[in-house]
Every structure is written in C-alpha cells, then in structure tokens.
Amino acid sequence: MRSKRLLTLATLFILLGGTMAAKGYTVSSPDGKNVVTVTDDLKLIVSHDGREVLTILPDLAIRESASGKAGLSQEQTHTFPGTKFTFAKSSVIAEQIVTPFYRQRDLQTEGRQIKIKFANHFGLHIRAYDEGVAYRWYTTRKGETTITDETADFCFPEDSKAWLAYSTNDQNPYAMAFQNYYDETMLTKAQDKFAFLPATVQSGHVKATILESDLLNYPGMFVKADGTRLKASFAKYPKKMAYYKWRGMSYVDETEDFIAKTSGARTYPWRIVAITEKDTEMPVNNLVYALASPNRIGDTSWIKPGKVAWDWWNDWNLKGVDFKAGINTATYKYYIDFAAKNHLPYIVLDEGWYDSSKGDIMHPIADIDLQGLIDYGKEKGVGIVLWTVFNVLDEHLDEACEKYAAMGIKGFKVDFLDRNDQTAVQMAERIAIVCALNQLFLDYHGYFAPTGMSRTYPNILNYEGVFGMEEARWAKKATDMPRYDVTFPFIRMMAGSVDFTPGAMRNGTRENWVECYQNPVSMGTRCHQAACYVVHDSPFTMLCDSPTNYEAEPEYTRFIAAIPDEWDETRVLQGELGAYIVTARRKGDTWYVGGQTNWDSRTIHVPLSFLGDGTYWGTMLTDGINADHNAEDYRLDSQNLSRGDTLTIRMASGGGFVIKFARPTIVNHL
C-alpha cells in the first residue's frame with residue numbers, strides 16, 4: 001500500500017509539470033519550453049527549448065532575533081547554499097486577472113510551481129511560465145528577522161550581450177533618479193557600475209530580462225556585471241536621514257549593516273527572468289503585473305486615466321497673451337481653457353505652486369488661487385493634479401490628502417524619491433494607501449521602474465523610471481534619443497507604464513537639433529512624438545508643450561488629444577530592439593497603430609490582418625516628404641482600408657507615424 005501511494009504522488013507531480021531529478025527537482029512551463037532545474041546545492045538552471053539560458057545562484061543572509069525559534073543570537077547569521085531542503089508540493093498556478101488601466105483589459109496567466117523548504121522556516125517558491133521563470137523567498141517564522149543581505153548571481157554563457165542602464169551616481173549608486181540610456185555591450189566588457197532593473201541579456205537564441213515583482217516592504221534590486229555574471233545588490237537600510245535645503249528633499253545620510261527588517265511570516269519579492277524568442281514579445285510580457293499582489297483598494301471606478309496639459313517642460317512659455325506667463329492663476333486658467341477645448345481631463349501644477357524651498361505643501365504661494373482654479377476647472381470639466389516631493393507629502397500625508405481632496409484635487413504627481421531602499425518602498429506604499437482612502441490617484445515621478453504595485457494599488461496610474469522627454473531640455477547633441485526611444489519599450493516597458501511626457505511641437509533632425517532649456521526641442525520628427533501616445537503604456541500621459549504651440553496647429557492637436565489612454569488589447573506587430581517598433585492597440589472597434597524608428601530612415605510594410613472584417617476609415621499621420629530636413633513636417637491623410645490591405649510606410653530619420661482605423665459609421669472627421 002505504501003509503495004502504491006508513493007507512485008501516485010510521483011505521477012501527480014509529473015502531471016503538474018515537475019519531475020524528481022537525481023540532483024533535485026524540475027518544473028516546466030505549460031508549453032514545456034521553459035524549465036527550471038533545482039539542484040541539491042541550490043542552483044536554479046534555466047533552459048529554453050532544451051538549451052541552457054542561465055544559472056541562478058540565490059541566497060539570503062539572515063540574522064534572527066534572540067527570541068526566534070532557531071535560537072540564534074543577534075550576532076549569528078545563516079545562509080542557504082549547502083543547506084538541505086525538502087520538496088514541499090507542486091501545483092498549477094492559473095489566474096484570470098482584471099487589469100484596470102493596463103495595456104489590455106484582462107489577462108489569463110498559467111504556470112507551474114514547486115515549493116521547497118528549509119529546516120529553519122524559510123523556503124523558495126519557483127515557477128515556470130510560457131513567458132519566463134520566477135522565484136521568491138518566503139518564511140513561516142513568527143519572530144523578527146533581519147536580512148543582512150540577499151544575493152543572486154545570474155550566470156550567462158561566455159558570448160552573451162547585455163543592455164544595461166547604469167546608475168548615474170558613482171559616489172552613491174543607490175541614490176539617483178533611475179534614468180539613463182542603455183549600454184549595449186558584451187557582458188564581459190560591461191562597465192564596473194551598478195545597473196538598475198530591468199536588465200536584458202542575449203543568451204544564445206533568446207533574450208533574458210531580469211525584473212522584479214511584488215516589491216513591498218523590501219529594497220529593490222540592482223545588478224553589476226562580473227565576468228559572465230550579473231550579481232544582485234541592494235541598498236542598505238537607512239539609519240539616519242538628512243535634507244537638501246532646496247525642495248526639502250530627504251536623502252540617506254547613514255545606513256545600517258543590513259538591507260531589510262521583517263516580522264512574522266511573509267513572502268519576499270519575485271525575481272523574474274522573462275524569456276523571449278522575438279523582440280516583439282518583450283513589450284507585452286505580463287509577468288511583472290501577473291506576479292504582483294492583487295488589488296488592495298477595492299473599487300477603482302473613481303480613478304479616471306487621461307491626458308494632461310503640462311507646464312514644466314515648456315517652461316510656462318505662452319505667447320500672444322495679455323498677461324505675464326508663469327506660476328500664477330492667469331496662466332493656469334489658460335491651461336485649463338486649452339485642456340477643456342481639447343477634451344483633456346487634467347492639468348498639472350508642477351513645481352512652484354507651493355514654496356518647495358521650505359517644503360510647505362500645505363500652503364500655495366500668493367500668486368496661486370488654488371481653490372479658484374479648482375472651481376474654474378470644475379466648470380470646464382478639467383481636474384487639477386498637484387506636484388510634490390515624496391517625503392514632503394509623506395510628512396504631511398493625512399492632513400495634505402484630506403485638505404486637497406476636500407478642495408477637489410484629483411491626485412498628486414509625486415517626485416524625487418530617487419532611491420529604492422526598504423523605507424523608500426514603504427513610503428511609496430503608504431502614500432498609495434492614504435491617497436486611495438481619499439480617492440486621489442498618483443503619478444510616481446523620480447521613481448524606479450514599476451514592480452507590480454499598480455496592480456496592488458491601481459490608483460498609481462503611472463511611473464517614471466525612464467530617460468524621458470525632460471532630458472531634451474539639457475541633453476547634449478551626442479545623446480541618441482531616437483535610439484533610446486526604440487530601445488526602452490522592449491526593456492523598461494516590460495515592467496509597466498512609463499511617464500515619458502511626450503508631445504513636443506518643436507522638433508529637430510540629427511543635424512539641426514539644438515539644446516534649449518527654455519524653449520526645448522525634441523530629437524526626431526513630429527510624428528515620432530505623436531507615436532509615443534500609441535507605443536507607450538501610459539494611462540496618465542502629458543501633452544508636454546505649450547498650449548499656444550498646440551493651438552497654432554489645431555488639426556494635429558485634435559488628433560493626438562483624441563488617442564485613447566485605456567486599451568482593450570495591445571500587440572507589437574513588428575520591431576527590433578534599438579532599431580524600430582510598430583505597435584497596434586485596440587479600444588472597442590477602433591485600432592491605432594504607431595511606429596517609431598531610430599536615426600535610420602526606413603520603409604516598412606504593415607499588413608492589416610489584425611483588423612476585423614469589413615471596411616475601416618484610416619486616418620494616417622505620417623512623416624512629410626521634407627521631414628528629413630524639417631522634422632516638423634507631417635502629412636494627415638485618410639482612406640478606406642480593410643484587413644486584406646498592406647500599407648507601405650516610410651519613416652524619416654528619427655521618424656514615426658500614427659494611423660487610426662475606425663468603423664465608417666463612427667468616424668469623427670477632423
């Protein structure tokens with residue numbers, strides 16, 4: 001009887017996608033392509049289609065309290081390689097997820113999981129999905145645990161190429177804005193610098209992208225190249241904070257000798273390796289969102305995504321008006337009027353509406369009649385979003401949220417966190433909770449790449465963590481923004497939405513672009529800018545330029561303002577990392593297709609087989625014939641199209657395009 005029972009358990013394990021190998025355990029994805037083998041010495045060997053992609057060496061260094069069941073003193077630590085573990089159980093993980101404000105209406109996820117446990121109440125969850133693999137640490141302890149360090153070596157083949165975004169702070173690499181372009185390099189020749197996630201490595205016939213999800217009450221991961229390895233690293237727990245005089249921004253002045261303090265049973269963040277055979281699979285990989293904790297705020301019907309008229313990038317640069325433009329009531333009434341005319345639901349009052357040098361978020365400056373602006377916006381159907389520094393809001397959290405929600409503010413743009421240690425992540429979660437209680441949404445600027453928190457707290461509509469349009473205000477001519485623009489959607493956007501802040505109306509070619517802080521110019525064509533509204537996941541997205549610049553070209557402005565901010569479906573039709581991208585998104589029966597290229601002009605052919613049956617009215621915004629010389633040149637044409645057609649589209653150097661496909665009966669003629 002006992003032998004029969006053992007046979008039954010083994011058979012069940014195999015059916016669930018696992019096998020008991022001589023040197024450990026193996027779990028396979030539903031399609032059988034991605035396999036993780038856990039060896040007895042705690043190596044996670046990841047293969048795809050029978051070929052090894054990488055080996056992961058995970059470990060935790062823990063220091064338990066004296067009252068812990070393990071009986072270790074505060075001075076004793078423990079790590080896991082070489083420690084015996086037992087197989088706990090295997091299971092199928094399947095979930096239908098409603099995804100408010102995500103790149104698609106919902107998603108179905110399915111994976112296979114094995115669970116191993118160690119004798120000291122710690123263990124690992126290890127999963128294999130068709131889109132990649134993931135693992136996370138967990139503990140069932142009831143006492144306090146100090147994580148002195150977490151290590152993870154991601155070991156790749158000798159000839160692997162990497163795309164790494166390095167920290168911009170050499171003195172303190174854990175403190176910076178998580179904004180940099182990608183160094184495309186052989187992994188063995190990567191710079192001796194910490195890089196922030198996501199990080200992508202070409203391993204044989206696939207790309208492996210390292211991400212994290214369900215990052216709550218724990219520090220975020222950095223990686224550094226060491227030969228053929230990317231080694232994980234984490235910011236230490238802050239011991240003492242200090243303040244910059246300007247903006248009242250806090251920073252870490254002194255740290256502890258550990259990375260995290262935890263209490264009781266819990267899980268730790270997912271470490272994800274997304275595996276993609278084609279570049280076009282990368283921007284639509286859903287593992288970060290799928291592995292995050294479910295919605296904790298309940299009803300989301302009060303949260304309204306949409307476009308926003310923005311003041312800061314264009315430097316409050318109105319022209320042809322009869323008042324002094326700047327941070328004052330008259331200027332913001334003009335922004336509200338512009339937003340109302342173009343059906344934009346929001347404007348932002350960026351830095352300057354309160355005295356940021358004093359951190360005085362509770363009192364607008366004398367030149368701003370905030371309640372008057374809120375009431376004026378309400379009459380026009382335009383909501384107001386307020387900019388603030390992270391810790392300044394956090395230090396006045398309850399009173400600020402209650403006050404401004406009562407006045408009628410819709411949300412906050414929260415800036416300058418510039419770190420991802422445990423207390424920073426705690427702050428981000430705390431702000432999300434209190435804002436949700438006051439029905440305020442959030443745009444997390446000056447923030448690391450998303451880690452699934454927008455699933456857990458859907459009132460966080462957008463995140464920066466991207467080398468965005470603001471860089472055009474101070475970039476140098478050698479900066480290759482068009483190349484970055486067709487790189488980050490494949491890597492950074494795997495993590496989630498991007499607050500890139502597009503919409504520049506002054507546009508430059510590679511030859512004639514100029515740096516100009518007060519009247520900035522984008523690199524690439526006008527259509528390259530327009531395509532951002534389709535290529536990017538961005539449910540709360542800026543029109544970054546001056547209202548008076550948009551008003552000078554009303555036909556173009558109406559077109560980009562009408563592009564949806566929520567989508568039912570997203571597909572990447574064509575593309576190559578660093579070269580170009582073509583993305584299709586559907587809202588109801590209407591499709592939009594947007595494309596961008598690097599500084600290389602190119603002609604592409606786009607089959608329309610993704611369309612439904614019947615005829616569509618196609619409105620096409622494309623680079624003008626002179627766009628290679630004058631980047632602001634574009635054409636706006638229309639014609640009847642169907643799924644049997646193939647469009648030939650030329651993108652100028654640094655160019656792009658947007659095409660709207662609508663049923664003829666619901667066409668909104670320009």
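Basis for what follows: all heavy atoms, side chains included, without hydrogens, waters or symmetry-related copies. Along the sequence shown, residues carry numbers from 1.
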Report the C-alpha separation of Asp623 and Thr525 in whole Å, then their side-chain angles, then the decisive distance to 0.1 Å, and conclude whether the side chain to side chain donor-acceptor pair (under 3.5 Å) test is met.
CA-CA 7 Å; Asp623 289 325; Thr525 71; 2.8 Å; yes

For a side-chain contact (heavy atoms from CB on, under 4.5 Å) check, start with the C-alpha distance between Val385 and Ile409, then their side-chain angles and the critical distance, and finish with the verdict.
CA-CA 6 Å; Val385 175; Ile409 291 299; 5.9 Å; no

Tyr404 and Leu386: CA distance, side-chain angles, deciding distance, side-chain contact (heavy atoms from CB on, under 4.5 Å) verdict
CA-CA 9 Å; Tyr404 291 117; Leu386 298 176; 3.9 Å; yes

Intermediate values then yes/no, side chain to side chain donor-acceptor pair (under 3.5 Å), His605 and Thr646
CA-CA 6 Å; His605 306 284; Thr646 296; over 6 Å; no

Pair Gln574, Ile604 - check side-chain contact (heavy atoms from CB on, under 4.5 Å), show working.
CA-CA 9 Å; Gln574 300 178 28; Ile604 62 170; 4.0 Å; yes

Going through the distances and angles, do Asn462 and Ser497 end up as a side chain to side chain donor-acceptor pair (under 3.5 Å)?
CA-CA 6 Å; Asn462 215 349; Ser497 59; 2.9 Å; yes

Worked check of side-chain contact (heavy atoms from CB on, under 4.5 Å) between Leu440 and Asn459:
CA-CA 7 Å; Leu440 297 166; Asn459 58 319; over 6 Å; no

Apply side chain to side chain donor-acceptor pair (under 3.5 Å) to residues Asp480 and Trp599 and explain how you reach the verdict.
CA-CA 8 Å; Asp480 193 341; Trp599 281 126; 3.2 Å; yes

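Remark: side-chain polar atoms of Ser213 are paired, donor with acceptor, to backbone N or O of Ala292 under 3.5 angstrom. Using a distance-only test at 3.5 Å, with no hydrogens or angles considered, no donor-acceptor pair links the side chain of Glu555 to the main chain of Phe559. In this structure a side-chain-to-backbone donor-acceptor pair under 3.5 Å is present from Lys477 to Glu511. Asp443 contributes no side-chain N or O that, together with a main-chain N or O of Leu461, makes up a donor-acceptor pair within less than 3.5 Å. The main-chain N or O of Cys544 is never found under 3.5 Å from a side-chain atom of Thr501 such that the two would form a donor-acceptor pair. One N or O on the side chain of Arg103 and one on the backbone of Pro283 form a donor-acceptor pair closer than 3.5 Å. Looking only at distances, no side-chain donor or acceptor of Asn630 sits under 3.5 Å from a matching main-chain atom of Ala627. Judged by distance alone, the side chain of Arg586 and the main-chain N or O of Tyr592 form no donor-acceptor pair under 3.5 Å. Looking at Trp617, its side chain never comes within 3.5 Å of a backbone N or O of Gln639 through a donor-acceptor pair. Side chain of Thr99 to backbone of Asp106: a donor-acceptor contact under 3.5 angstrom is found.
Checked by atom type, the side-chain pair Asn598/Tyr580 shows no donor-acceptor distance below 3.5 Å. Side chains of Asp545 and Trp313: a donor-acceptor N/O pair is absent below 3.5 angstrom, by distance only. Side chains of Ser609 and Arg643: a donor-acceptor N/O pair is absent below 3.5 angstrom, by distance only.
With a 4.5 Å cut-off on side-chain heavy atoms, Leu197 and Ile210 count as touching. Looking only at side-chain heavy atoms (C-beta outward), Arg635 and Phe657 stay at 4.5 Å or farther from each other. For the pair Thr541 and Asp499, the minimum side-chain heavy-atom distance is 4.5 Å or more. By the 4.5 Å heavy-atom criterion applied to side chains, Gln529 and Met469 are counted as neighbours. Thr280 places none of its side-chain heavy atoms less than 4.5 Å from the side chain of Glu576. Looking at heavy atoms from C-beta onward, Val593 lies out of side-chain contact with Val534 at the 4.5 angstrom threshold. Taking the side chain as every heavy atom from C-beta outward, Val206 and Thr276 never approach each other to under 4.5 Å. No side-chain heavy atom of Thr456 sits under 4.5 Å from any side-chain heavy atom of Asn295.
Note that Arg473 lies in the cation-pi zone of Tyr517, set by a 6.0 Å cut-off to the ring centre and a 45° limit from the axis. A cation-pi contact, defined as under 6.0 Å to the ring centre and within 45° of the axis, links Arg663 to Tyr616. Judged by the 6.0 Å and 45° rule, Lys333 forms a cation-pi pair with Tyr376.
Classified by interplanar angle (parallel below 30°, tilted 30° to 60°, perpendicular above 60°), the ring pair Phe390/Tyr444 is tilted. Using cut-offs of 30° and 60° on the angle between ring planes, the pair Tyr463 and Tyr447 is tilted.
With respect to the salt-bridge test (charged N to carboxylate O, under 4.0 angstrom), the residues Lys161 and Glu184 qualify. Residues Arg526 and Glu553 are paired through a salt bridge, judged by an N-O separation under 4.0 Å between the basic side chain and the carboxylate. Lys476 has a carboxylate O that lies under 4.0 Å from a charged side-chain N of Glu515, or vice versa, which qualifies the two as a salt bridge. Using a cut-off of 4.0 Å between Lys/Arg side-chain N and Asp/Glu carboxylate O, Arg650 and Asp628 are scored as salt-bridged.
Dense packing is recorded around CD of Gln96, with more than 12 heavy atoms of other residues, nucleotides or ligands lying under 6.0 Å away. Enclosure of atom NZ in Lys307 by more than 12 non-hydrogen atoms of other residues, nucleotides or ligands within 6.0 angstrom is indicated.
The aromatic ring centroids of Phe196 and Phe448 lie 6.0 Å or more from each other. Side-chain rings of Trp591 and Phe610 approach one another, their centers coming within less than 6.0 Å. For Phe467 and Phe488, the distance between ring centers is not under 6.0 angstrom.
Minimum interatomic distance between Ala531 and Gln596 (heavy atoms only, all atoms of both residues): CB-CG, 3.5 Å. Looking at every heavy atom in both residues, Val389 comes nearest to Val414 through C-CG1, 4.2 Å.
Evaluated for a side chain to side chain donor-acceptor pair (under 3.5 Å) with Asp311, the options Tyr335, Trp387, Trp353, Tyr332 yield exactly one hit, Tyr332. The only option from Asp568, Asp565, Asp537 that meets the salt bridge (charged side-chain N to carboxylate O under 4.0 Å, His left out) definition with Arg585 turns out to be Asp537.
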